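One structure below.
Just so it is clear, the model here is predicted, and its values are computed rather than measured.
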Amino acid sequence: MTSPPVGFFTSAVFTHHALQWLWNYTVEFHPPRWWLAGRWHAVKPQQLVYAPLAWRPYKSARPPRGRAFQHTFKGVTASPLDTVQKRRTARRSYLSHVSHVVHTALASDDSAPDVPTMYRILDLVDSCMYTVTSHEQHTQLRRFVGERLWPHRASETMAIELLALRGDTSAALTQLDTLLTRHAPQMRALQAQSLRGQHTHQRQKDPVVDDLYRAASAVLSSLESACIHAKAAAAPYEDTIATHFASWLWTHPRLLAMAQPPFPRVVKAVYTLLSSVLDARAQLERIVSLPCSADERSHLASVLCLAFANRGAAQQSAQLMADVLAHGLVPHEGAMRRVLRTAAPLRERNVVQPLVEWLVVHGTSTASFRWLATYYAELGDAESMERMLKHEPEDVVRDRARLICAASRGDVAAVRSYTGPGAPRTEEHAFWLLRALVRHNDVCGARDVFWEATQRFASERLYGEMARLTARHGRTADALDVAAQLQGAGMACSVSTLTYLVQALGHACLPERAAALIAWQRAQGMRPPLRVYTALMTAYIRAGHYVAAQGIFAWLEKQPEAALRPNTSAYNTLLKACVHKGTPVKYIVPFLLDMRRRGLAPDARTYALVMQSACDSRRVRLAEHLFQLADDTLPGGATLALHTILLHAYLRHDNHERARAMIDQLEHRGIQPSHITHAILVHSYAHGTESHLAMAHQLVMRLLDEPQERTWQVPVLEQGMRWHHLLVPLIDAHGKRGDVWEAERLFRRLVDSGEPLSPQALTVLMNAYRAVGDVNQVLRLWDELYATLVMRAASDAAAADMLAGQATGTPSIGPFQRNMLCIPLSLAIDTASRAGRHERVAEIWTRAKRDGLSFDVHNYNHLCRALVRADRLGDALRIVEQVLPDAPPMSQQTVVTDDEAVRLYAADPLYQFASVNDGRTPGPTDPPSRRMDRAMPMAQMDEPAQDMVHHANLRAPRDSWFASLRTMRAIHEALEKQRHLRDALLAAFPRAAQRLEACRPYWEASPSV
């Protein structure tokens, strides 16, 4: 007889029911990872463990894998909540699914849900908090859950959550403050732990703190969601929610004990809400007036500054911190360091410098001295850097700071002494060597290092530094090639690289392609910051499309995000549009007051633009007052740009004594003149007497022959095309005097320099040949210039389209590139027409029109005179009748604004307009760089000054299409020679006849016109 089997024996039916019971009352959780010997103990993947449901009330259950569980699960009725995995997403489908599941779970009004189920529902509703696209649906779901669960609330924490869900935020904040007051000892302990610098560790498992965090998260997340939705709405943003929360926070500061990393949702909500306040200075004034200790007020003010710093509004946070110091408060050293870390890269020294000086005096930690050493190193201030390095014990940190300082000063030899001879061995050495070459303007050396380094290191910042160099020199094709290589390497484009690409496309007069590139990057997930939109404004200004820059500024002004509100740089860009368009100086000076009213400090660029406007209006005395104001208020005094602008004004008014004093002042202050400053001197003297031309020639030769040694205290870096700025004024001066041999010799030297030939240099040489009547050379240069520029423009446009994923079948030049040949076109037409080569005139004009170029009013005037010389008087009158119908502008000029275009760009800063080429250029008739040759001043307006961001600020003469007196005189003389056709032609073109009659008194009074 055999013995019975040893062990547990059961039937299949019993096992089936037992497994059903176990599954209904268990939930999975992962085994813990143990902390051993200063690190997490590596554990092998283990089987999931199952425990009673009450152990983990917030975990959703799912059927485990395995054959037996698959069998038994078929007969179990699972909760609908088990079908949703809690996650944070903005997808509308997830919100719809959660809404359906929650309504199903709460469908029965008879039975009350248990506490674990209520917590699971609250977690699911919270998981789709940031679904901004379906805010109304989410609000309805929140209110439904709040009303349905309110009678069954099980704790004070749950009551606060339900109040937040129901939308009663005032009551929720009141109860939250009561809860925080009741647990004040825990809050004080958290605050003390944070101030000791221990907030970087994870919070301990304290049930009271967990409940407080859950309640605070529910209330603040509700306020944050409402604020985000208000920002996303199409209506103008009002900061009612943010202002209400800020007012509550200053009077109930216990909540700030959780404003530290172990409580991420509270930190995120507090910073988002505080940075959404439109008038931050008013909040700071409220903090200063609180009846509490100075330390508490300093802590609240530091939190306000950190909110703007951590949300991308670096300049505003630095300005607020400067106001905090002005009120006599002592901020926390860590808060000051964080604000400076975000604001220093903006190079706003007038805002950052007072904060740096405070940190130098009050800083005590090694981190502060280390940051200060790096800050001075990036400025190239070796003396201040060494003073900070005295507090640094590590040799590695000192060596790195000195390497950064040498690279920032463009000292290639010093960088080589750190990196060693030959190819750089690390990515760090390669980057700083490349930066030194870029700052030294060594294009060839930078290209060699970049090519070799990118073969060995996958570093985006190497591409960004090279894009910076190519953008500054206007090498659009090279910049786009760098971006294409970056894309091909599989690396994402950074914000800095995108900014340089926008600048390069601006140099190529392709702002619409730059807008398309920004839109494409935004579709890829990038959130373009303010500096990208500022660079886009500059690109439109280069193309002469000032209304686009004004519209983008208006769009920025309406943005609720602090990081996108206009800062000093955005104001400077709008000022640049005003100066280029010829806005009267009386409308530009109030910009300084408007910026002060908005809490922004004018910088050196602001003063430079206002001074330039005063000099353009021939108000040198006002420019001198502005120079003195800038010299008194800016850290370090007046900059090189301010000295150069005033120097140029003195030379234009032939005040050589003042100009000499300005140069002596530069030398006395230790400011090294740039080649732009020298170019101003060359341009002024070269177009004077023969002795002055000889002086300019000697100066240029001396500057080009001597090595570029930086021995002055303040070095000048990143100057652009040095040979072009110095030689082109000399070529122009010799060409106008008929000295073609010297002009050719200087032009050959420009070619040998290796810098790319600009259209301006070729145009100046064309004019030199035109002055001596060398028709063949003029037309040869025209053909060469035409072929080069049209091909380059088409290739740049096609490359930009490829980069933005908008490749078209046939490359075409951009709408703002169509006027790039207006000046050389007039030279070619006039030269060929005077030589009697009328068929060449027809060929030049027909080919330009076929290739999509546009023509300005001067081109049409030259064409009219060419047609008169070719005895095609009817065609000339037809152009006057149809293309040049306006009366000539007189002293009082009409001012018009394009409000509709401004509104289009104010609604969408990346707006793409449908360009239709009607043969007339949409840009300015003269390049902005030739603004010095305009007739000034413009007619002054008697309208009262309005808000500085509206259309009254951008004023310019109306774009008139008129026949000049010289053109009308040529037509008149031709009609006098052909009297038998005179009456018939004038009858066929009545408007042209009217213009002839109106112009007759001018040439009768001045026969030489």
Side-chain angles (χ1 to χ4, degrees), residues 57-58 81 84 86 88 94-182 210-233 238 240-249 252 255 265-266 268-270 272-273 276:
Y58 314 129
L81 300 177
V84 183
K86 187 179 70 173
R88 298 191 178 277
Y94 177 72
L95 175 60
S96 301
H97 184 46
V98 170
S99 178
H100 173 72
V101 167
V102 170
H103 278 80
T104 303
L106 299 178
S108 176
D109 297 333
D110 300 332
S111 60
D114 55 0
V115 175
T117 302
M118 287 194 289
Y119 274 117
R120 290 178 63 185
I121 291 174
L122 291 176
D123 286 345
L124 284 177
V125 174
D126 180 73
S127 66
C128 47
M129 175 70 70
Y130 302 101
T131 312
V132 180
T133 55
S134 305
H135 181 78
E136 294 182 0
Q137 183 182 356
H138 186 224
T139 302
Q140 294 174 0
L141 175 62
R142 287 162 52 85
R143 290 181 178 175
F144 168 76
V145 173
E147 296 293 341
R148 181 69 179 82
L149 295 182
W150 178 253
H152 311 291
R153 57 190 182 277
S155 63
E156 189 174 2
T157 302
M158 184 179 290
I160 294 174
E161 290 187 73
L162 294 176
L163 284 173
L165 289 180
R166 294 168 61 184
D168 194 354
T169 54
S170 299
L173 286 172
T174 303
Q175 290 202 19
L176 176 62
D177 180 62
T178 303
L179 186 63
L180 294 174
T181 305
R182 185 182 308 144
D210 287 344
D211 286 343
L212 292 174
Y213 179 40
R214 187 178 182 93
S217 300
V219 179
L220 297 187
S221 297
S222 178
L223 291 171
E224 182 189 9
S225 177
C227 187
I228 292 175
H229 175 69
K231 293 178 182 180
E238 296 181 0
T240 307
I241 300 172
T243 304
H244 175 68
F245 169 75
S247 302
W248 179 87
L249 183 63
H252 303 82
L255 181 65
R265 297 190 63 188
V266 172
K268 179 177 181 294
V270 167
T272 300
L273 290 167
S276 301

Scan for side-chain hydrogen bond (donor to acceptor under 3.5 Å, both in side chains) pairs involving residues 162-171, sequence neighbours excluded, and state none if there are none.
-> Glu147-Arg166

Validation row: Val125, Glu161 side chains within 4.5 angstrom (heavy atoms) | no

Any chance you could measure Thr178, atom OG1, to Ile160, atom CD1, to the nearest 0.5 Å?
-> 8.0 Å

Residue set satisfying side-chain contact (heavy atoms from CB on, under 4.5 Å) with Ser155, at least two apart, ordered chain then number -> Tyr119, Thr157, Met158

Decide whether Ser222 and Arg142 meet the rule of one side-chain donor and one side-chain acceptor closer than 3.5 Å.
-> yes

Those residues at least two apart in sequence (or on a different chain) that pass side chain to side chain donor-acceptor pair (under 3.5 Å) with Thr174 are none

Atom CG of Asp210 and atom CZ of Arg214: how far apart are they, to the nearest 0.5 Å?
-> 10.0 Å

Checking side chain to side chain contact (heavy atoms under 4.5 Å, CB included) for the pair Leu163/Trp150: CA distance, chi angles, key distance, verdict?
-> CA-CA 8 Å; Leu163 284 173; Trp150 178 253; 3.8 Å; yes

Approximate separation, where rounding is to 0.5 Å, of His244 NE2 and Leu173 CG | 5.5 Å

With the side chain counted from C-beta on, respond yes when Val115 and Met118 share a heavy-atom pair under 4.5 Å apart, and no when they do not.
-> yes

Note: Leu162 and Leu149 closest approach over all heavy atoms is CD1-O, 3.5 Å

Residues Leu220, Thr272; criterion side chain to side chain contact (heavy atoms under 4.5 Å, CB included); working and verdict | CA-CA 10 Å; Leu220 297 187; Thr272 300; over 6 Å; no

On a heavy-atom basis, the closest approach of Ala226 and Ile241 is CB-CD1, 3.6 Å

